[in-house]
Amino acid sequence: MSEWIIQTKDLCKSYRGRLAVDHVNLNIARGEIYGFLGPNGAGKTTTIRMLLGLIKPTRGSVEIFGKSLKREKLHILRKIGSLVEYPSYYGHLTAVENLEAIRRILDVPKTRIAQVLETVGLTKDAKRPVKGFSLGMKQRLGIAAALLGEPEMLILDEPTNGLDPSGILEIRELIKAMPKQHGITVLVSSHLLSEVEQMASTVGIIRQGRMVFQDTIESLRRQSEGSISVAVSEPEEALLALLRMGFRGKLENGRIALERTDDQSVARIVKALVEQNHAVYRVEEKRKSLEELFLQIVGEGGGA
Amino acid sequence: MRSFLRLLSAERLKLAKSRFRWLLPASPLLAAVVGLLSNPPAGAPPRVEFAVVLSGMSFLHAMLLLPILTGILASVVCRYEHAGGGWKLLLSMPVTRPQLYAAKYALIALHLAAVQALFGALAAAVFYVRGFEGPLPWDMLLQSAAGGWIASLPLAALQLGVSLAWSSFAAPLAVNVVFTLPNILIVNSADVGPYYPWAQPLLAMVPRDGETFGALGLPLESLTVTVLGSFIVFLAGGLLYFQRKDI
């Protein structure tokens, strides 16, 4: 296989007989930002906890950096930085002291603390007790902690949850810079597609514990591409004529709906219809937003 | 070993700024006041007189406050993890659970050792301040302070296990107090006293050549069996639980 940084095989976790994570096959390539999407309670956090060895899978396996997580857990965890659900911090300590507690465990040089604080833009507040921080600052401190050990992989679970728009933007810019500036692969989970689509190169969508979509964001965009809707005087006749010309379409509420059509085809369609004396009332493009597509995927039956 | 020491130093940093450390000297200081005010029987040899004073100091300290302090320490070392989701942070770092468990336990044990050292030092101060004749009975002091430390280690193991299991700060303390309070009755019983883990700190701290009643003044062997046995059971139980816990 090519460079999968994380690969899970039929990963399952059941709680009292109910599968919270159901045969999930996650494939994350080096250097990408992987958006892990799904509604609340779909199994994102459970999957992530298994990736970090916080809980044991009921079935299936996890391979990270090409090694089995079960057998080489410490070695793998040394190269992963993570932020799960909400940021962990010791409120009575300052930002620097919080990072120092983690630095002592990871055994990295003291200079790293100033570096990561600079990266997340907390240098100014370094000496303040963390209990006085805003949620956005705590979240950035959490990312600083995740970066402290110079990881190759960053796992961020809902890093923008509960932040205001400017906080979301800050975190997003921070994450976007990771592969480019530091060569770090990122797994970022969210329940909102709009949050991830602007930074992720690949998305995996999980629904009721099952992976229902896993591909590049372009492929997802292609699926959401619009259809052309044409209102004409005699729709049935007109559709027959167009089908004879080799276009694909169907009748929808008395209008002709044509799939994925480029500009030239639309021009040819209109010309043909006019030449056959159909009155063309309207030519409209109907776009499904990514969000609509996402909701459709997430809302579909389990067989998808 | 290196990673254990690194963990220990990280744990120490978290506790260093905590206000709880001001609780540590409270019980030995109270015991010192008792030592200064108590009235040893007149006419006895100085060593016996001092043994009685030391017994008096040990009673309040080892019967109630030391076991309770053990529980408080166990809750404190877990508090910051429970409060801030810190278990996930700590355990997604390259550390094993037994290492982390050992670091937390070592931290409790070290603090208890400091408390007992202070107790010993204050007892020695009482000896000089009250002007007992003759040399300071080092052996008696050392046995009392060290014995109390060793006898509180099983309780520390149990309380650490309970504190790991419950994210509440107060619940483990309640368990601790519930088991500690019966000490008042149990130390008077020669039948139950020797086998009740919470009574062991007091039994270990009261000087052997002091008064003898109830479970007090029993041979060291019976203490050793109870302390060692409960230590192994409580430590193994806590560790096994922590190893399997979903974080």
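First the proteins, then the strands, lettered A, B, ... as listed; each starts at 1.
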Legend entry - Contact class of B:Leu90 relative to chain A, heavy atoms under 4.5 angstrom: side chain

Legend entry - For chain B, which residues of residues 71-78 of chain A have heavy atoms nearer than 4.5 angstrom: A:Leu74, A:Leu77, A:Arg78

Legend entry - Residues of residues 44-67 of chain A contacting chain B, heavy-atom criterion under 4.5 Å, by residue number: A:Arg49, A:Leu52, A:Gly53, A:Leu54, A:Ile55, A:Lys56

Inset, instruction - Heavy-atom distances under 4.5 Å only: say whether B:Ser9 touches chain A with side chain, backbone, both or neither. - result: both

Inset, instruction - Select, from A:Leu93, A:Leu83, A:Ile80, the one with the greatest count of heavy-atom pairs under 4.5 Å involving chain B. - result: A:Leu93

Inset, instruction - Please name all residues satisfying side-chain hydrogen bond (donor to acceptor under 3.5 Å, both in side chains) with A:Tyr90, sequence neighbours left out, ordered by chain then number. - result: B:Lys14, B:Glu81

Inset, instruction - Quick one: which of B:Lys88, B:Glu11, B:Arg12 has the most heavy-atom pairs under 4.5 Å with chain A, could you say? - result: B:Lys88

Inset, instruction - Count the heavy atoms belonging to other residues, nucleotides or ligands that lie under 6.0 Å from CZ of B:Arg97, then report whether that count exceeds 12. - result: yes

Legend entry - Greater than 12 external heavy atoms within 6.0 Å of B:Lys245's NZ: yes

Legend entry - Shortest non-hydrogen contact from A:Ala101 toward B:Ala10: O-CB, 3.1 Å

Inset, instruction - Identify the residues of residues 104-123 of chain A whose heavy atoms come closer than 4.5 Å to a heavy atom of chain B, ordered by number, or report 'none'. - result: A:Arg104, A:Ile105, A:Leu106, A:Asp107

Inset, instruction - May I ask you to check whether over 12 heavy atoms, not counting those of B:Tyr195, lie within 6.0 Å of atom OH? - result: no

Legend entry - A:Lys13 portion near chain B, given a 4.5 angstrom heavy-atom threshold: side chain

Inset, instruction - Could you look at B:Arg79 and say if it's the side chain, the backbone, both or neither that has a heavy atom under 4.5 Å from chain A? - result: neither

Inset, instruction - Would you indicate whether B:Phe169, at its atom CZ, is surrounded by more than 12 heavy atoms from other residues, nucleotides or ligands within a distance under 6.0 Å? - result: yes

